[in-house]
Amino acid sequence: MRRLITLLFSFALLAGIASYAHWIEQRPGSHYLSDLRSQVALDLGQPGPRGNLLGIQPELFAADYQSLARLRLKLAAYLDHARDQGLLNERTIVVLPEHIGTWLLAVGEKQEFYRASERRQAMRWLAARNPLDFLGALLNAGSDARLDDALLRTKARTMARDYQQLFGDLARDYEITLVAGSIVLPEPRVQLGRLEVGRGPLYNTSLVFDRAGNPLGQPQRQAFDAGALASQAAERLQVVDTPAGRLAVLLGGDISQLPQTHDRDGENMELLAMPSDLDGQPDDAGLDERLQAEGIRAALKVHLRGRLWEHSGQLQAFAFQAGSSERSASERGAQLINLWL
């Protein structure tokens, strides 16, 4: 009898493991396509030979991250609209919002992930869908919030590859300089033209891609608190040369975190991209004065819009040039924010 019970238990265990493995390997079908429309919310200045800063405030939902193809379709629709409006040229710098790359961790997950009512619930489905990767990430998690840290590391290598593929290809295909928002990765670096990750601390990271789709310089990084899902103080800003001028990226859009802006050659930046997140808009009081004091010619601050689990927002963009600024309207939907230089 004991042998029979043991045999039955073994069969049940194997059946359970097989069912779990089958569930893990299943891929979701795509049943939802969100709005591809966008509106030109601000178009400041006059077209000229110096190019333009073009901010995109995409309206995104969890289901938009089911696959790279679906996300690309949405971003390409915005860029197509911009091109139809005459807003893309060889000197255009396109700025995307903060964390647009972080949610690439959602690519290829189960339907339960996208239907979750809260991010924490969705992340539990992520761990269940990727058990071995999650356990490996847990061993490398280094912050006080080990579980949250591990969840953000679980698909880091795949996310880094997808981030470069998606945004590098968009920059190349539309022949633009692209500030690719940000993505949270462990110890990111560019090596031999590829975005790589390590096993060290998490950073909120942004790359700028040139018109050929190649990374410009090393990633701009901010230390990232996994427990609070928030960035800390910015590292020294890098300044990269673009067809429209010398550009730096300040993640989070919080001007109070603006560090020393001179690069190692002692040259000031001319243009500032400020990718910001879906919610938690910092106080913009004194932003104009600080930008002018830094000698910045033009700046754009853009936010993610839409709804990602319990977090939602329709925040206004901020555009600065020659000592004055304007903000976009707060109507719902994706927005294009154009600033001629």
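Everything numeric here is computed off the predicted structure, so don't read it as measured data.
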Is there a side-chain contact between [X] and [Y] (heavy atoms, below 4.5 Å)?
| X | Y | value |
| --- | --- | --- |
| Leu195 | Pro188 | yes |
| Ile296 | Met269 | yes |
| Arg221 | Gln238 | no |
| Met159 | Trp103 | no |
| Leu79 | Ile56 | yes |
| Phe167 | Leu96 | yes |
| Glu112 | Gln121 | no |
| His99 | Val184 | yes |

Do side-chain atoms of [X] reach the backbone of [Y] as a donor and acceptor pair under 3.5 angstrom?
| X | Y | result |
| --- | --- | --- |
| Glu175 | Glu90 | no |
| Gln57 | Leu315 | yes |
| Lys155 | Leu105 | yes |
| Asn130 | Ala127 | no |
| Glu187 | Gly200 | yes |
| Arg91 | Ala244 | no |
| Tyr114 | Ala106 | yes |
| Ser206 | Gly181 | yes |
| Glu294 | Arg290 | no |
| Thr205 | Tyr203 | yes |

note = side-chain contact (heavy atoms from CB on, under 4.5 Å) filter on Asp43, not counting sequence neighbours, yields Val40, Leu87, Asn338, Trp340
ask   = How about Phe113 and Trp309: are their ring centroids closer than 6.0 Å?
value = yes
query = Centre of Phe318's six-membered ring, under 6.0 Å away, within 45 degrees of the axis: is that where NZ or CZ of Arg327 sits?
reply = no
Between [atom1] of [X] and [atom2] of [Y], what distance do you get to the nearest 0.5 Å?
| X | Y | atom1 | atom2 | value |
| --- | --- | --- | --- | --- |
| Arg194 | Arg189 | CZ | CZ | 13.0 Å |
| Arg157 | Asp162 | CZ | CG | 14.0 Å |
| Leu71 | Ile100 | CG | CD1 | 6.0 Å |
| Met123 | Arg120 | CE | CZ | 9.0 Å |
| Ser67 | Glu109 | OG | CD | 12.5 Å |
| Leu339 | Leu42 | CG | CG | 9.0 Å |

Please find the pair of heavy atoms, one from [X] and one from [Y], that lie closest to each other, and give the distance.
| X | Y | value |
| --- | --- | --- |
| Leu216 | Val240 | O-CG1, 3.9 Å |
| Ala82 | Leu54 | CB-CD2, 3.7 Å |
| Gly55 | Val302 | CA-CG1, 3.6 Å |
| Ala137 | Ala150 | CB-O, 3.4 Å |
| Leu207 | Gly217 | CD2-O, 4.3 Å |
| Val197 | Ala156 | CG1-O, 4.1 Å |

request  = For Met274 and Leu300, run side-chain contact (heavy atoms from CB on, under 4.5 Å): C-alpha distance rounded to whole Å, both residues' side-chain angles, the deciding distance at 0.1 Å, then the answer.
outcome  = CA-CA 6 Å; Met274 297 182 285; Leu300 268 187; over 6 Å; no
State, without any angle test, whether [X] and [Y] hold a side-chain donor-acceptor pair at a distance under 3.5 Å.
| X | Y | result |
| --- | --- | --- |
| Thr92 | Asn52 | yes |
| Gln335 | Ser328 | yes |
| Ser182 | Asn204 | yes |
| Ser325 | Asp288 | yes |

Enclosure of Arg199 CZ (heavy-atom neighbours >12, cutoff 6.0 Å) = no
request  = For Leu271 and Arg297, run side-chain contact (heavy atoms from CB on, under 4.5 Å): C-alpha distance rounded to whole Å, both residues' side-chain angles, the deciding distance at 0.1 Å, then the answer.
outcome  = CA-CA 6 Å; Leu271 310 171; Arg297 176 157 54 95; 4.1 Å; yes
key: Trace of the side-chain contact (heavy atoms from CB on, under 4.5 Å) decision for Val249 with Leu237   = CA-CA 7 Å; Val249 180; Leu237 292 195; over 6 Å; no
query = Which is it for Asp169 and Arg172 under the salt bridge (charged side-chain N to carboxylate O under 4.0 Å, His left out) test, yes or no, and what are the steps along the way?
reply = CA-CA 5 Å; Asp169 286 357; Arg172 181 199 64 211; 3.3 Å; yes
ask   = Is there a side-chain contact (heavy atoms from CB on, under 4.5 Å) between Thr177 and Val94 once you walk through the steps?
value = CA-CA 6 Å; Thr177 303; Val94 172; over 6 Å; no
query = Does Asp173 come within less than 4.0 Å of Arg72, counting only side-chain N to carboxylate O?
reply =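 Salt bridge: yes.
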query = Between Arg83 and Asp80, is there a salt bridge with N-O shorter than 4.0 Å?
reply =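 Between Arg83 and Asp80 there is a salt bridge, with a charged N closer than 4.0 Å to a carboxylate O.
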ask   = Listed by chain and number, what are the side-chain hydrogen bond (donor to acceptor under 3.5 Å, both in side chains) partners of Arg305, not counting sequence neighbours?
value = Gln314
ask   = Between Arg246 and Glu270, is a salt bridge (charged side-chain N to carboxylate O under 4.0 Å, His left out) present by the stated rule, with each step listed?
value = CA-CA 5 Å; Arg246 293 177 58 77; Glu270 302 171 90; 5.5 Å; no
